[in-house]
Amino acid sequence: MTDDWATFGADLHVELRGTGLRTGLMDALREAVRSGRLTPGTRLPSSRSLAADLGIARNTVADAYAELVAEGWLTARQGSGTRVARRATPGARRPAPAAAPRPSPARSRPAYSLVAGSPDLASFPRAQWLKAARRALTAAPHEAFGYGGTRGRIELRTALAGYLARARGVYAEPGRIVVCSGFVHGLMLLATVLRGRRIREVAVEAYGLDLHWRRLTDAGLRLPALRFDERGTRTEELAGPALKDVGAVLLTPAHQFPMGVALQPDRRAAAVDWARRTDGLILEDDYDGEFRYDRQPVGALQGLDPDRVVYLGTASKALAPGLRVGWMVLPAGLAEEVAAAKGESDWASGTPDQLTLAEFITSGAYDRQVRAMRLRYRRRRDQLVAALAERAPGIRVSGIAAGMHAVLELPPGTEASVVQAAAWQGLALEGLARFRHPAAPATRDALVVGYGTPPDSAWSGALDALCRVLP
């Protein structure tokens with residue numbers, strides 16, 4: 001059996017509703033076209049690819065496509081695939097689901113590293129990137145190599161708008177996207193704008209990255225922490241009197257980092273309701289939203305209210321952090337302020353990489369890369385779980401439905417000694433305590449294991465070293 005479906009074809013975010021699979025798929029596609037999320041001319045995945053993603057029969061998808069072609073919603077031509085019909089016109093927007101989280105930058109490594117946050121750098125698609133760069137730079141107008149604007153190249157913003165709408169359920173327009181140099185850069189710009197709006201408090205999750213928290217506190221913002229339980233971050237606490245001065249909240253809704261829990265629908269709704277009621281902002285960190293292994297990814301929270309949610313994403317996990325390319329999809333009223341803040345410190349991002357990434361996306365190479373890495377990380381996850389089941393059966397593993405890391409529960413009081421033992425084995429490893437907010441209570445002992453980091457040559461050695469130090 002092959003996994004070709006996992007590496008070829010485009011991602012498409014749809015939600016099936018109702019009891020009939022074919023009817024539910026048709027309704028979801030009609031609504032995506034009607035709302036304008038799928039624009040005229042957008043190419044849809046093959047019936048085989050979409051059926052595999054959704055876990056349904058290929059004939060079900062093929063029949064749904066055929067009926068929508070007959071109704072005029074889609075077109076199908078030999079060699080061109082199935083596309084949204086050109087005459088289909090977008091209507092009112094429809095809310096969509098929720099999104100995901102981000103890990104820490106890679107540290108200096110001993111012999112092996114299972115530190116979360118870095119992709120497998122050996123898998124960067126060098127040949128494909130060079131081809132995209134050659135095509136993009138050959139076609140680029142002369143003015144593209146000038147200073148440019150603060151929002152980023154229109155080619156990249158246009159490509160991102162189409163990709164994010166299709167694959168992540170984001171409502172994006174090129175004019176609402178600002179290109180930045182990664183998530184931290186985007187967060188620093190947002191912190192400046194929040195201070196300018198006289199916001200003094202930004203709520204954060206009980207577990208996250210101190211690197212992000214420091215960037216907010218450096219801007220003079222206070223960071224109260226939302227508590228966490230088995231259903232994710234307790235966003236209902238935003239409505240409490242203790243947080244009445246909070247003007248924004250930073251969330252990783254699709255795959256909480258590092259705990260790995262997807263935020264439940266009622267808590268997603270609670271966050272959006274709070275933002276609407278208080279004129280607050282939600283900062284959505286979608287750090288690994290493309291890497292979900294239980295079929296269809298959880299869509300972006302931004303789809304629930306594009307005017308209250310700032311969506312932040314980067315190329316760091318699908319490609320490489322060294323590219324230093326990220327993006328923000330902003331509410332209409334905020335885009336100008338963020339672009340102005342960027343102009344104060346960093347007038348423009350590098351043009352060649354922006355043009356290359358735009359070509360990489362529009363050519364379909366980005367989709368292929370995401371699918372290839374999704375398959376690669378899924379196999380790594382399965383190998384990790386199998387090794388633990390055999391060699392450390394008392395260790396409970398969680399947070400593995402998505403992303404590039406897992407949480408390994410430890411017996412109480414053993415976390416620090418296990419991390420120290422790992423260092424003696426030449427294994428870089430981090431405990432859960434490293435990600436806990438100073439104001440949050442300690443709830444458990446655990447390890448946060450990044451299985452995406454090691455190259456293939458070091459993977460088995462890292463796995464052996466991990467199993468040796470576990471209780």
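None of the values given here were measured: they were computed from a predicted structure. For the single chain, residues carry numbers from 1 onward in sequence order.
- A salt bridge is defined here as a Lys NZ or Arg NE, NH1 or NH2 lying under 4.0 Å from an Asp or Glu carboxylate O, and Arg43 with Asp367 fails to meet this definition.
- For Ser123 and Arg376, the side-chain atoms include at least one donor-acceptor pair closer than 3.5 Å.
- With a 4.5 Å cut-off on side-chain heavy atoms, Ile395 and Leu447 do not count as touching.
- Residues Arg379 and Asp382 are not paired through a salt bridge, judged by the lack of any N-O separation under 4.0 Å between the basic side chain and the carboxylate.
- Looking at Thr39 and Thr42, their side chains do bring a donor and an acceptor atom within 3.5 Å of each other.
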Query raised in the report: Going through the distances and angles, do Asp307 and Arg176 end up as a salt bridge (Lys or Arg N to Asp or Glu O under 4.0 Å)?
Result: CA-CA 10 Å; Asp307 293 322; Arg176 294 169 67 156; 3.2 Å; yes
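- Checked for salt-bridge contact, Glu236 and Arg227 miss the test: no charged N lies under 4.0 Å from a carboxylate O.
- In summary, the aromatic rings of Tyr293 and Tyr377 are positioned with their centroids too far apart to meet the 6.0 Å limit.
- Ring planes of Phe228 and Tyr207: perpendicular class, angle over 60° (limits at 30 and 60°).
- Each side chain to side chain donor-acceptor pair (under 3.5 Å) pair with one or both residues in residues 394-403, not counting sequence neighbours, appears once here: Arg396-Glu409.
- Annotation: ring-ring contact (aromatic ring centres under 6.0 Å, His included) contacts involving residues 354-373, sequence neighbours excluded, comprise Trp129-Phe360, Tyr163-Tyr366.
- Applying side-chain hydrogen bond (donor to acceptor under 3.5 Å, both in side chains) to Thr233 and the options Arg267, Glu205, Gln256 leaves one that passes, Glu205.
- Taking the charged nitrogens against the carboxylate oxygens, Arg153 and Asp353 have no contact shorter than 4.0 Å, which rules out a salt bridge.
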